Amino acid sequence: MIIHIVGGFLGSGKTTGIISAVKILQGRGVKVSVITNDQGNSLVDSNLMKGSGISFAEVTGGCFCCNYEQLEKNIDFLKKSTGADVIFAESVGSCTDLVATVLKPLMKFRGNEIKNLTFSSFIDSQLLLHYIENASLPFSTDTSYIWHKQLEESDILILNKTDLLNKAEIQKLRDWVKSGIPSDRQILYMNSLETGSVNVWVGAIGYMSMLGKRKSLDIDYNVYGAGEANLAWLDEEIEISSNDGSALMVAHKLIYRLANSIHMNGLPIGHLKFLLNYNGLTDKISYTAVLNRNMLKISTPARSDEVRLLVNARVQTSPEILKSIVESVISPFKSESDIEITEKNVSDFKPGFPKPTHRID
């Protein structure tokens, strides 16, 4: 059995990268499954896996480290039900300290079953560039601490979304990496949507032996816990019906107004993920911390009478404020005579204090 642990901050493109990697491996006849992970329970990422025809299991209600037994049960389930040769396990974006709490326990308790165990960490190259140019991130000091710790650990550091940068900006990243990242770390510059780029990552995790010793992080759990507590989680399903085929346009307007309202309130976005199901099709729309006005555009979508919209919002604010913003955006649409909006499975909260099942120094 081969397990690829994938970490990285909210919005860094982990899910897209994993889906692309799985498709490459499936094309080679490899049996691959995925374990998704989140503090919430209604996940855009899991629905994307399902829509992509990828076998998966979920660890919900907390990170891998705090739900380690659930992680192991899902590994066993996927091995038995799908015969998976390779399993990608994608950690929630607010989690760090994975070497001590996930990789080392896996090797301790299941080392005789594991042929290879790799750890890749995704970094949004735009967010890294923002840090290089401003010497800070658009998050609080405590939340930024999580990002910095994620930058410290992993076998492979993936600077993702490089297609969104120009040559000068990429060179600035390369110059920073030379001085800011230890020379023994493997660095990949990647575009998760480009097969050739992802294939380099697939090769790296497929041919390198990574069963050796890893160094656990030196980490302050009080700061780590405070950083997670600064983030609000909101998940909900929104069903939109119309009499004039405008349901999809309404969904796009709702998405635009929500992202714009959060942006205009000066609230840093971890990620905003929206999954739209309509006319037998599925679309994903995402916003991250690096948000500019050009991204806040309303498209002219196809006509549809029925749309199911799944919302995953991770924003630096309180759950109460985030829920209030969502309600203020949705409310005006409910008064329109040709539109019917139904909200389901609404959940808003902040993550609990991280309490790993195991921690091995």
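Keep in mind the model is a prediction, meaning the values are calculated, not measured. Every heavy atom of this structure was used, including side-chain atoms; hydrogens, water molecules and symmetry mates were not. Start at 1 with the first residue, then count along the sequence.
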**Student:** Are there more than 12 heavy atoms of other residues, nucleotides or ligands under 6.0 Å from atom CG of Asp244?
**Tutor:** yes
**Student:** Please name the residue in the list Arg359, Gln150, Lys149 that meets the side-chain hydrogen bond (donor to acceptor under 3.5 Å, both in side chains) test with Asp97.
**Tutor:** Arg359
**Student:** Assess, by modelled atom type and distance only, whether the side chains of Ser125 and Thr162 contain a donor and an acceptor separated by less than 3.5 Å.
**Tutor:** no
**Student:** Give me the ring orientation class for Phe109 and His358: parallel if the planes are under 30° apart, tilted from 30 to 60°, perpendicular past 60°.
**Tutor:** tilted
**Student:** For the salt bridge (Lys or Arg N to Asp or Glu O under 4.0 Å) test, which of Glu327, Glu340, Glu343 pairs with Lys334?
**Tutor:** Glu343
**Student:** Do the non-hydrogen side-chain atoms of Ile146 and Phe139 ever get within less than 4.5 Å of each other?
**Tutor:** no
**Student:** I'd like to know if the side chain of His130 reaches the main chain of Ser136, judged simply by a donor and an acceptor atom lying under 3.5 Å from each other, with no hydrogens or angles considered.
**Tutor:** yes
**Student:** Would you say Arg308's side chain and Glu237's backbone share a donor-acceptor pair under 3.5 angstrom?
**Tutor:** no
**Student:** Is there a path of hydrophobic side-chain contacts, each under 4.5 Å between heavy atoms, that joins Val6 and Ile2?
**Tutor:** yes
**Student:** With side-chain hydrogen bond (donor to acceptor under 3.5 Å, both in side chains) as the test, pick out the partner of Lys273 among Thr288, Asp45, Asp235, Asn312.
**Tutor:** Asp45
**Student:** Would you say Glu194 and Asp163 make side-chain contact, with heavy atoms under 4.5 Å?
**Tutor:** no
**Student:** How close do Lys350 and Pro319 get, counting heavy atoms only, and between which atoms?
**Tutor:** N-CG, 3.7 Å
**Student:** Would you give the length of the straight line joining atom CZ of Phe9 to atom NE2 of His271, rounded to the nearest 0.5 angstrom?
**Tutor:** 10.0 Å
**Student:** With side-chain hydrogen bond (donor to acceptor under 3.5 Å, both in side chains) as the criterion, how do Ser192 and Asn160 come out once you've worked through the C-alpha distance, each side chain's angles and the decisive distance to 0.1 Å?
**Tutor:** CA-CA 7 Å; Ser192 290; Asn160 197 30; 3.0 Å; yes
**Student:** Taking Ser261 for its side chain and Leu258 for its backbone only, find out whether a donor-acceptor pair lies under 3.5 Å.
**Tutor:** no
**Student:** Which residues pass the side chain to side chain donor-acceptor pair (under 3.5 Å) test with Thr82, not counting sequence neighbours?
**Tutor:** Ser33
**Student:** Does Asn260 reach the main-chain N or O of Tyr256 with its side chain, forming a donor-acceptor pair under 3.5 Å?
**Tutor:** no
**Student:** I want to check something: taking the side chain as every heavy atom from C-beta on, are Trp147 and Thr96 in contact at a cut-off of under 4.5 Å?
**Tutor:** no
**Student:** So Val290 and Lys161, side-chain contact (heavy atoms from CB on, under 4.5 Å) or not? Walk me through it.
**Tutor:** CA-CA 12 Å; Val290 185; Lys161 306 182 185 179; over 6 Å; no
**Student:** Check the pair Ile187, Leu157 against side-chain contact (heavy atoms from CB on, under 4.5 Å), reporting the backbone distance first and the verdict last.
**Tutor:** CA-CA 5 Å; Ile187 311 297; Leu157 183 63; 3.8 Å; yes
**Student:** Please give me the minimum heavy-atom distance between Ile205 and Asn116, naming the atom from each residue.
**Tutor:** O-ND2, 3.8 Å
**Student:** Judged by modelled atom types alone, do Asn191 and Ser197 share a side-chain donor-acceptor pair under 3.5 Å?
**Tutor:** no
**Student:** Using only atom types and a distance under 3.5 Å, with no angle test, would you say the side chain of Asn345 pairs donor to acceptor with the backbone of Glu236?
**Tutor:** no
**Student:** List the atom of Ser12, the atom of Phe122, and the distance in Å for their closest heavy-atom pair.
**Tutor:** OG-CB, 3.5 Å
**Student:** Kindly work out whether a path of hydrophobic side-chain contacts (I/L/V/M/F/W/Y, heavy atoms less than 4.5 Å apart) joins Leu43 to Val346.
**Tutor:** no
**Student:** Does a side-chain heavy-atom distance below 4.5 Å link Val92 with Gln39?
**Tutor:** yes
**Student:** Is there a path of hydrophobic side-chain contacts, each under 4.5 Å between heavy atoms of I, L, V, M, F, W or Y residues, that connects Val200 with Phe88?
**Tutor:** yes
**Student:** What verdict does the side-chain contact (heavy atoms from CB on, under 4.5 Å) test give for Leu281 and Tyr278, after you've listed the backbone C-alpha separation in whole Å, the side-chain angles of each residue and the deciding distance to 0.1 Å?
**Tutor:** CA-CA 5 Å; Leu281 302 173; Tyr278 62 94; 4.0 Å; yes
**Student:** Is there a path from Leu165 to Val177 through hydrophobic residues (I, L, V, M, F, W, Y) whose side chains come within less than 4.5 Å of each other?
**Tutor:** yes
**Student:** Val102, Ile360: one ILVMFWY side-chain cluster at the under-4.5 Å cut-off?
**Tutor:** no
**Student:** Do Tyr131 and His148 touch side chain to side chain, with heavy atoms closer than 4.5 Å?
**Tutor:** yes
**Student:** Is it true that, when you exclude Phe77 itself, more than 12 heavy atoms of the residues, nucleotides or ligands shown sit nearer than 6.0 Å to its CZ?
**Tutor:** no
**Student:** Give a yes or no on whether a salt bridge exists between Lys31 and Asp85, defined as a side-chain N under 4.0 angstrom from a carboxylate O.
**Tutor:** no
**Student:** Do the side chain of Ser246 and the main chain of Met249 share a donor and acceptor less than 3.5 angstrom apart?
**Tutor:** no
**Student:** Do you know the tightest heavy-atom contact between Lys355 and Cys66?
**Tutor:** N-SG, 3.1 Å
**Student:** I'd like to know if the side chain of Asp155 and the backbone of Thr118 have a donor-acceptor N/O pair within less than 3.5 Å.
**Tutor:** no
**Student:** If you measure from OG on Ser242 to CD1 on Ile339, what distance do you get to the nearest 0.5 Å?
**Tutor:** 5.0 Å
**Student:** Do Val329 and Leu254 make a side-chain contact, defined as non-hydrogen atoms from C-beta onward lying under 4.5 Å apart?
**Tutor:** yes
**Student:** Examine the side chains of Ser140 and Asp142 and answer whether a donor and an acceptor come within less than 3.5 Å of each other.
**Tutor:** no
**Student:** Could you check if a side-chain atom of Leu309 sits within less than 4.5 angstrom of a side-chain atom of Phe274, using non-hydrogen atoms only?
**Tutor:** yes
**Student:** For His252 and Leu276, run side-chain contact (heavy atoms from CB on, under 4.5 Å): C-alpha distance rounded to whole Å, both residues' side-chain angles, the deciding distance at 0.1 Å, then the answer.
**Tutor:** CA-CA 9 Å; His252 277 246; Leu276 300 104; 4.2 Å; yes
**Student:** Are the side chain of Glu153 and the backbone of Val99 linked by a donor-acceptor contact shorter than 3.5 Å?
**Tutor:** yes
**Student:** How close do Leu98 and Cys95 get, heavy atom to heavy atom, and via which atoms?
**Tutor:** CD2-SG, 3.7 Å
**Student:** Working to the nearest 0.5 angstrom, can you tell me the gap between Ile325 CD1 and Leu267 CG?
**Tutor:** 5.0 Å
**Student:** Between Ser241 and Glu306, do the side chains contain a donor N or O and an acceptor N or O under 3.5 Å apart?
**Tutor:** yes
**Student:** Search all heavy atoms of Arg28 against all heavy atoms of Asn199 and return the closest pair with its distance.
**Tutor:** NH2-OD1, 2.6 Å
**Student:** So with a 6.0 Å cut-off around NZ of Lys284, is the heavy-atom count from everything else above 12?
**Tutor:** yes
**Student:** Rounded to the nearest 0.5 Å, what's the gap from OH on Tyr145 to CD1 on Ile219? Could you check?
**Tutor:** 5.0 Å
**Student:** Can the ring centroids of Tyr287 and His263 be said to lie less than 6.0 angstrom from one another?
**Tutor:** no
**Student:** Is the closest side-chain heavy-atom distance between Lys172 and Leu129 below 4.5 Å?
**Tutor:** yes
**Student:** Determine yes or no for a side-chain-to-main-chain donor-acceptor pair under 3.5 angstrom, with Ser324 supplying the side chain and Glu320 the backbone.
**Tutor:** no
**Student:** To the nearest 0.5 Å, what is the distance between NZ on Lys104 and CZ on Arg214?
**Tutor:** 9.5 Å
**Student:** For the residue pair Thr357 / Glu69, report whether a side-chain donor-acceptor contact shorter than 3.5 Å exists.
**Tutor:** no
**Student:** Between Asn74 and Gln70, is there a side-chain donor-acceptor contact under 3.5 Å, judged purely by atom types and distance?
**Tutor:** no
**Student:** Would you compute the distance between atom CH2 of Trp233 and atom CG of Asp348 and round it to the nearest 0.5 angstrom?
**Tutor:** 13.0 Å
